[in-house]
2 protein chains.
Amino acid sequence: MGAQLHRILRTAIIEGDLVPGQAISEIEMSKRFSISRQPVREAFIKLGEERLIEVLPQRGTYVRKISVKGVLDARHLREIIEVSIVREVALKHDASLIKVLRHLIVKQQKTKPGDSRSFLALDEDLHRAIALHAGREYAWRVTEGIRAQMDRVRFLSFDFATPTSQLVCEHTALVDAIESGDADLAAQCMEQHLRGILSSLPLIAEHYPEHFVDD
Amino acid sequence: MGAQLHRILRTAIIEGDLVPGQAISEIEMSKRFSISRQPVREAFIKLGEERLIEVLPQRGTYVRKISVKGVLDARHLREIIEVSIVREVALKHDASLIKVLRHLIVKQQKTKPGDSRSFLALDEDLHRAIALHAGREYAWRVTEGIRAQMDRVRFLSFDFATPTSQLVCEHTALVDAIESGDADLAAQCMEQHLRGILSSLPLIAEHYPEHFVDD
DNA sequence: CCTTGAATACTTGTATGGTAGCATCCAAAA
DNA sequence: TTTTGGATGCTACCATACAAGTATTCAAGG
């Protein structure tokens, strides 16, 4: 129950169904899902660890507002990790991985223009496939919280952000670089790709000021 | 209460007072600390997230055995992050940081041979000072779980591990490199330093087989 | 002697009652 | 008009009781 609710609330926050700053009490959630307060409380603890909500003792629990600095820090760290990983992968010359990645890109091309959830899932699939192929499950697990912070912005910014066709191009270039075995080029592709994802962050923060905390 | 107990148990596990594989029930801990099961339970959740314990529903809770592969993965990721950070710091040429770091090294030299806790704390102080000076608080926070995994081995291996005098030398070389502004050299120093820390891991795993899980 | 099965003693998970602390509102006094 | 004090309602937090599931034990039967 608690774990289940944790996943539900987590995606609800990331996808923006629970807006930043919104108050969410244990009682409210326990009523909404017809369970007791205890599982709710335990879900809140996990969400607090992930910095998706903020629990203020005896005062209330709130969906955390997005921090521009925090998101940029997260992106920076993700860049460090995934660039390092893609360097390893480029040197392995594994044809089976290339095949999987190209298949994912095809599926990305097939997604309908409005279906952002599907595209983001396929985007994550591609990055995960690379990481796991490098044997970096541990690193991938660590990036979970990082991706959560970034995804909050991405779900908020589909109308402003880079069109998916552009992202597909970047993925293609990335896979090409991996296939060619050029680690430097692959690293450069990954770097540009990850930086471009949040290119619209300033606009978003300006357009939804109430969703962000200024720091 | 719950947060307090979490810190207590966390250090107890890292320092080896709670041995890997040991069963620790909610009731046992609630009696030992004279509190109810609920705060204990919430502390367990956090420890489970950090992979320091494993909660098996309706079966029991156990201190996680150390995974050699897991520790090496953690070290690898820490290397990626801290090497990147020390590169930034080396390019900043900040005299005040150098002063702080040298002061920490002096304090490290003054620690008594047997006082491993104090030395490890000062070791962490130095690494944290570098990270925070680079403005990488986010990255430092992410490495908390990583350091926990590594520290479990370090606390287990004081008799076998690299002598502290050697570590002090490595720290000195690292700070020298930072002061000289040579990012490549600083990165190399950090890399060697972090790899050396766990040089005795194979011996430890062989000497305490019951503390480790074979993977 | 070996196998099987039920009773028992554990475990974690959930539900609920009560407590302490904070914020708000509103009236009374300066 | 402004300030202050207290009552009220809210919150997260802790304690306790109950439920559900697992592992063990031990005795009965083949």
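Per chain, numbering begins at 1; letters A, B, ... match sequence-line order.
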**Prompt:** Charged N to carboxylate O under 4.0 angstrom, A:D125 versus A:K107?
**Reply:** no

**Prompt:** Closest nucleotide of DNA chain C for A:S34 versus for B:S25: which of these residues is on the 5' side?
**Reply:**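 This one resolves to B:S25.
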
**Asked** Mapping A:S36 and B:I24 to their closest nucleotides on DNA chain C, which lands nearer the 5' end?
**Response**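 The residue whose closest nucleotide sits nearer the 5' end is B:I24.
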
**Message:** Any non-hydrogen side-chain atom of A:H133 less than 4.5 Å from a side-chain atom of A:K92?
**Reply:** yes

**Request:** Report yes if the side chains of A:L72 and A:H76 come closer than 4.5 Å at any heavy-atom pair, otherwise no.
**Result:**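 Contact flag for A:L72/A:H76 side chains = no.
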
**Test salt bridge (Lys or Arg N to Asp or Glu O under 4.0 Å) applied to B:R10 and B:E15, B:E50, B:E49, B:E144, the passing residue** =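 Answer after filtering B:E15, B:E50, B:E49, B:E144: B:E50.
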
**Prompt:** When all nucleic acid strands are considered with a 4.0 Å heavy-atom cut-off, which category describes B:I45: base, sugar-phosphate, or nothing?
**Reply:** nothing

Between atom [atom1] in [X] and atom [atom2] in [N], what is the gap in whole Å?
| X | N | atom1 | atom2 | value |
| --- | --- | --- | --- | --- |
| A:K31 | C:dA15 | NZ | P | 15 Å |
| A:Q38 | D:dA12 | CD | P | 12 Å |
| B:R37 | C:dC10 | CZ | P | 14 Å |
| A:E54 | D:dT11 | CD | C1' | 14 Å |
| B:L56 | D:dG21 | CG | C1' | 13 Å |
| A:M1 | D:dG21 | CE | P | 12 Å |
| B:E26 | D:dC14 | CD | P | 14 Å |
| B:F44 | C:dG13 | CZ | C1' | 14 Å |

**Message:** Would the base of D:dT11 count as contacting A:Q58 through its side chain, where contact means a donor and an acceptor less than 3.5 Å apart?
**Reply:**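 For A:Q58, whose side chain was compared with the base of D:dT11, there is no donor-acceptor pair (under 3.5 Å).
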
**Base D:dG9 to side chain A:R59, donor-acceptor N/O within 3.5 Å cut-off** =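 Not at all, since no donor on one side and acceptor on the other fall under 3.5 Å apart.
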
**Prompt:** With distance as the sole test, does A:Q166 use its side chain to make a donor-acceptor pair with the main-chain N or O of A:P163 at under 3.5 Å?
**Reply:** no

**Message:** If the cut-off is 4.0 Å, is A:T61 near the phosphate of D:dA12, judged by side-chain N/O to OP1 or OP2?
**Reply:** yes

